[in-house]
*Asks:* 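Let me give you the structure first, and then I'll get to my questions.
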Amino acid sequence: MESEQLFHRGYYRNSYNSITSASSDEELLDGAGVIMDFQTSEDDNLLDGDASIGTHYTMTNGGSINSSTHLLDLLDEPIPGVGTYDDFHTIDWVREKCKDRERHRRINSKKKESAWEMTKSLYDAWSGWLVVTLTGLASGALAGLIDIAADWMTDLKEGICLSALWFNHEQCCWGSNETTFEERDKCPQWKTWAELIIGQAEGPGSYIMNYIMYIFWALSFAFLAVCLVKVFAPYACGSGIPEIKTILSGFIIRGYLGKWTLMIKTITLVLAVASGLSLGKEGPLVHVACCCGNIFSYLFPKYSTNEAKKREVLSAASAAGVSVAFGAPIGGVLFSLEEVSYYFPLKTLWRSFFAALVAAFVLRSINPFGNSRLVLFYVEYHTPWYLFELLPFILLGVFGGLWGAFFIRANIAWCRRRKSTKFGKYPVLEVIIVAAITAVIAFPNPYTRLNTSELIKELFTDCGPLESSSLCDYRNDMNASKIVDDIPDRPAGTGVYSAIWQLCLALIFKIIMTVFTFGIKVPSGLFIPSMLAYYHHDWFIFKEWCEVGADCITPGLYAMVGAAACLGGVTRMTVSLVVIVFELTGGLEYIVPLMAAVMTSKWVGDAFGREGIYEAHIRLNGYPFLDAKEEFTHTTLAADVMRPRRSDPPLAVLTQDNMTVEDIENLINETSYNGFPVIMSKESQRLVGFALRRDLTIAIESARKKQEGIVGSSRVCFAQHTPSLPAESPRPLKLRSILDMSPFTVTDHTPMEIVVDIFRKLGLRQCLVTHNGRLLGIITKKDILRHMAQTANQDPASIMFN
């Protein structure tokens, strides 16, 4: 009898086949149909299918096995809309993976029937590679377009090329025969605004006119960018990575990855970079790539109808975004794995690798910078580093960690103030003010006048005989017997000292302005602060290590390590950041200095707070994100967190066959819950299943339209067999098909650290709490976040998304 009941509830139906026939990227939930013992300390056992029965720490569930069949088996035809999600809701990973397994089984069972079905099966199998190929192509093309347009518009602030308006400053002077080595950026074809307007190339009047035009163009670009964002696509502002991390964890934000957001983000990113604001385009390029992935996923039913599968495409897209932002395909894959992805099976790793490869190939084909490289600031060092240099590298890591901790606290404090004051109600005014201050202060200093990529290139590049930068202004001794090309042997000229002062001022300016710029209502990535190193071979620390006449210290290497340390301190990335910087420089021998600096910056930053900038913004915006890196160490039990509490009204539930359509509609109208447990009766409180609010509403509306005799007094039945009713009773409504008959349950004595682990690893929306099979309460993801906030002495109401 017990076996028969289990069969009717679906526990035995296709239980073995449902596991063995799953495709290779469906391993996430294969253990969701068994009895799990959580006494073990090994995390991986949560996903094993052969865990043993435990004591009161057990969780009985048949989710993935039963859900895959009950979604479709009792419907003559599926109800349109059932299984979809409202905006700002979390997806049910279990149900989505079961739907995909059901689709996979259906295609496999039909593929031998005809050639057409075999073709459909092949198309379905290859659709994953097709969608990441299209995403990589689009990401690379858009990144090339953004790079070319941003360079041209940045130079537009200073002048214009009369011979070809679409050329930037460098391209304009390429074909000129009248340039000199010292003034290689001056040619007759390129005219500054002062030359065009007042006819003066030098003097105070020329300087003032160029100053005014610089501010005019900077304000124009910033104003146009913020107006486009405000009017057409409010989601196009900011970095986008905090929201993408939240979306990849299973949250729905409609329109965030849509076509309008893609178009406006692409245009306004060019304008924001060209305006001279202290921001980068690296983060927004990840958002642009994810928009491409989301749009292309709608061309393939496998991804358009399944939110969990769609997130695999978005993981690959984020890898493509980093690939084109830094010219680092492998670093992009590791970034997706380490930083943004919530669920990353092996097949997604391969597809991410392929998407990053395609995107990098397209960007290399476009060659936006004319240097046959993927980024403007690609450099190559050949000088080995010495053991004593580990100390300055570690000190750079300490500085990066301190800078990261300061930046996160200052930026979050400013963003919180923006949200809580009237200042946040005027985003256009804020952008104009920040752009005006940036332009006014930036113009006099040649290093702040450069855009981010050009500044990094200037600092990363090693000095040589062909460099005309003031950083390479070393004196030549004309009386020497031979011309000395080795820079370390020559004393610094006045240009080096003035450049150091200008860079110190530029660093202070960038630190302050980046705090206020990151988070304004234009696309804004993180500026990479870079360090400058200067040394002389007569200094005591170098005397024993450096031979006279030998290249000993590479200043550009210190700039690179400093940049990595600062970015690591802000984002708390480690492995992916080291690989990204390594791919930028192509120097295998510098991996150890990079690792030392990045690890040190993470340790120092973690001493002041374990959150990176992206996690801090997720918490600031109140997104329901359970960070896998965060440890839960408190000893509370499920009964302490579940709702209803003692002071709360009783739990809103549905009964198996005792409620009418009107009763359910009244319950839906009177409450705001996203779902309701279904019990056998109010007396027994025995759990039957769980019904989602959206599915109930859609099913009742569909039944009223398509079935005759469904009225407010019609009995609603969630059981397999309809109970006997009087002859004059209206026609009953069977809703067993929308019922999740195997919801995840835990006992009231389950430790909360185990419940949190279950939510993280299986991506649950809610979990029911029982005692001896009787329903006691419910725990949702938001309940867990509120509880974690309380244990951290934070106000739970202030952190939840509204």
Side-chain angles (χ1 to χ4, degrees), residues 149-160 168-170 185 190 192-194 204 206-226 268-282 284 376-377 403 407 410-411 414 428-460 469-471 495 498-532 559 563 566:
D151 278 355
W152 178 75
M153 295 185 75
T154 300
D155 288 343
L156 189 63
K157 291 184 298 185
E158 299 182 1
I160 197 166
N168 62 22
H169 193 168
E170 185 181 7
D185 59 340
W190 179 262
T192 63
W193 292 112
S206 169
Y207 184 86
I208 293 170
M209 178 54 65
N210 285 329
Y211 203 159
I212 292 170
M213 291 304 296
Y214 182 91
I215 295 171
F216 167 76
W217 284 110
L219 291 178
S220 300
F221 293 154
F223 177 72
L224 184 57
V226 70
T268 53
L269 178 56
V270 172
L271 292 167
V273 171
S275 68
L277 289 166
S278 183
L279 48 82
K281 56 179 181 288
E282 287 74 28
L376 180 64
F377 44 87
W403 147 253
F407 176 80
N411 181 251
W414 175 249
V428 177
L429 180 63
E430 182 188 13
V431 171
I432 292 298
I433 291 173
V434 172
I437 293 172
T438 304
V440 168
I441 300 176
F443 185 83
N445 189 335
Y447 292 107
T448 52
R449 202 185 311 168
L450 295 171
N451 70 21
T452 309
S453 297
E454 289 174 339
L455 178 59
I456 293 171
K457 179 191 176 187
E458 182 88 1
L459 295 178
F460 278 17
S469 167
S470 56
L471 286 169
S498 64
I500 288 175
W501 277 110
Q502 288 172 342
L503 274 171
C504 290
L505 293 173
L507 177 65
I508 296 168
F509 166 74
K510 289 285 186 183
I511 284 175
I512 296 171
M513 290 312 300
T514 307
V515 168
F516 294 100
T517 305
F518 189 71
I520 61 175
K521 299 304 179 186
V522 294
S524 54
L526 277 174
F527 168 75
I528 308 174
S530 299
M531 306 295 105
L532 173 79
C566 289

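The shown structure was predicted, so the numbers you read here are calculated from the model rather than taken from an experiment.
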*Asks:* Supply the atom-to-atom distance T517 OG1 to L277 CG, rounded to the nearest 0.5 angstrom.
*Replies:* 5.5 Å
*Asks:* If you round to the nearest 0.5 Å, how far is CG of N210 from CD of E158?
*Replies:* 8.0 Å
*Asks:* Could you state the interatomic distance from CG (L269) to NZ (K281), rounded to the nearest 0.5 Å?
*Replies:* 7.5 Å
*Asks:* Heavy atoms only: give me the nearest A439-A218 pair and the separation to one decimal.
*Replies:* CB-CB, 3.9 Å
*Asks:* What heavy-atom pair brings T514 and S278 nearest, and what distance separates the two atoms?
*Replies:* OG1-OG, 2.8 Å
*Asks:* Check M153 against A274 and note the closest heavy-atom contact, atom names and distance.
*Replies:* CB-CB, 3.5 Å
*Asks:* With I520, which of I433, V431, V226 fulfils side chain to side chain contact (heavy atoms under 4.5 Å, CB included)?
*Replies:* V431
*Asks:* With rounding to the nearest 0.5 angstrom, report the CZ to CD1 distance, F509 to I437.
*Replies:* 9.5 Å
*Asks:* For Y447 and A506, which heavy atoms make the closest approach, and how far apart are they?
*Replies:* CB-CB, 4.2 Å
*Asks:* Go through the structure and list residues passing side-chain hydrogen bond (donor to acceptor under 3.5 Å, both in side chains) with N168, not counting sequence neighbours.
*Replies:* none
*Asks:* Which heavy atom of P444 sits nearest a heavy atom of P446, and at what distance?
*Replies:* O-CD, 3.6 Å
*Asks:* With sequence neighbours left out, write down each residue that passes side-chain contact (heavy atoms from CB on, under 4.5 Å) with I512, or none if nothing qualifies.
*Replies:* I508, F516
*Asks:* So how far is it from S275 OG to K157 NZ, rounded to the nearest 0.5 Å?
*Replies:* 6.5 Å
*Asks:* So, W193 side chain and L156 main chain: donor-acceptor pair closer than 3.5 Å or not?
*Replies:* yes
*Asks:* Checking side-chain contact (heavy atoms from CB on, under 4.5 Å) for the pair V522/T268: CA distance, chi angles, key distance, verdict?
*Replies:* CA-CA 7 Å; V522 294; T268 53; 5.9 Å; no
*Asks:* Any idea which heavy atoms bring Q502 and N445 closest together, and the distance?
*Replies:* O-ND2, 2.9 Å
*Asks:* Take the angle between the ring planes of W403 and F407 and call it parallel below 30°, perpendicular above 60°, tilted in between.
*Replies:* tilted
*Asks:* Does any N or O in the side chain of Y214 come within less than 3.5 Å of the main-chain N or O of V440, such that one atom is a donor and the other an acceptor?
*Replies:* no
*Asks:* Would you check if the side chain of T448 reaches a backbone N or O of A442 as a donor-acceptor pair within less than 3.5 Å?
*Replies:* yes
*Asks:* When you compare the side chain of L279 with that of F518, does any pair of heavy atoms fall below 4.5 Å?
*Replies:* no
*Asks:* Working to the nearest 0.5 angstrom, can you tell me the gap between I441 CD1 and K510 NZ?
*Replies:* 11.5 Å
